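Beneath this line is the structure, given in structure tokens, with notes to follow.
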Amino acid sequence: GAGVSQTPSNKVTEKGKYVELRCDPISGHTALYWYRQSLGQGPEFLIYFQGTGAADDSGLPNDRFFAVRPEGSVSTLKIQRTERGDSAVYLCASSLTTGAETQYFGPGTRLLVL
Amino acid sequence: QKEVEQDPGPLSVPEGAIVSLNCTYSNSAFQYFMWYRQYSRKGPELLMYTYSSGNKEDGRFTAQVDKSSKYISLFIRDSQPSDSATYLCAMSPRAQKLVFGQGTRLTINP
């Protein structure tokens, strides 16, 4: 079956611009997670959804970052007024339910802010 | 100090060697312990998870958790060139948001 997919695979933008990153979880998975991975580092948690609601957004670095999952499936991570420090790989993962041990990761979106 | 510490390596060993990877942590609330493998420009892939303390074996891979020492290990037996990747430990109190180590870059030389 299809795994987690993320689009675009690469995104180059200019400082100050707005970007949207999309995640399509595995069908039937109710929990969805966003992580950010900087070069040479492990992923860092940003936010997770159980269904349509954000169950924990404690990892979002500031109010320029926002994520939605309006129908409980696809999720969009939105970054306003991008900064060079936002450059990283943004990973999405899904699991069958919250608390399920296996989180399945997508390939990530590589964001470069010039 | 980070909640999870992992030596970034790089680690280079000959094919067939036993590889030992490890992480230490500071948060005693962690109950779920995972090892992920990440190939270049790919997302992490779950190798093994362990709940609480103890050992778990899956083929050539063995995971160990010592909660008293706040120390976890992954052993790879009969290592193969295809095992060359970055290995990430990850932990969580409730298998929800994961806290990852920095990752260890491993190369198996034929």
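Letters A, B, ... are given to chains in the order of the sequence lines, protein chains preceding strands, and every chain is numbered from 1. None of the values given here were measured: they were computed from a predicted structure.
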Cut-off 4.5 Å, heavy atoms of chain A, and the answer for B:Gln6 is neither

Backbone N or O of A:Gly51 within a donor-acceptor pair of the A:Arg69 side chain at under 3.5 Å?
yes

Can you tell which part of A:Glu44 gets under 4.5 Å to a heavy atom of chain B, answering side chain, backbone, both or neither?
neither

Between B:Glu57 and B:Arg77, does any side-chain N to carboxylate O distance fall below 4.0 Å?
yes

Residue A:Ser58 versus chain B: region with a heavy atom under 4.5 Å
side chain

B:Lys42 versus chain A, heavy atoms under 4.5 Å apart: side chain, backbone, both or neither?
backbone

For each of B:Glu45, B:Gln38, B:Met34, tally heavy-atom pairs with chain A at distances under 4.5 Å, and name the one with the top tally.
B:Gln38

ring-ring contact (aromatic ring centres under 6.0 Å, His included) test vs A:His29 passes for just one of A:Tyr48, A:Tyr104, A:Phe49, namely A:Tyr104

With a 4.0 Å cut-off, would you call B:Asp78 and B:Arg60 a salt bridge?
no

Side chain, backbone, both or neither: which part of B:Tyr36 has an atom under 4.5 Å from a heavy atom of chain A?
side chain

Ionic contact status for A:Asp24 with A:Arg22, cut-off 4.0 Å
yes

With a 4.5 angstrom heavy-atom cut-off, is it the side chain or the backbone of A:Tyr35 that approaches chain B, or both, or neither?
side chain

Heavy-atom cut-off 4.5 Å, strictly under: side chain, backbone, both or neither for B:Pro44 against chain A?
both

Check: B:Tyr49 main-chain N/O paired with B:Lys56 side-chain donor or acceptor under 3.5 Å:
yes

Which bit of B:Leu88 is near chain A, if near means a heavy-atom gap under 4.5 Å: side chain, backbone, both or neither?
side chain

Is the backbone of A:Val89 close enough, under 3.5 Å, to the side chain of A:Gln37 for a donor and an acceptor to pair up by distance?
no

Under 4.5 Å heavy-atom distance to chain A, tell me which part of B:Arg41 shows up: side chain, backbone, both or neither.
both

Residue, of A:Ile47, A:Val4, A:Asp56, that accumulates the most heavy atom pairs under 4.5 Å with chain B
A:Asp56

Checking the side chain of B:Ser92 only, and the main-chain atoms of B:Arg94 only, is there a donor and an acceptor separated by less than 3.5 Å?
yes

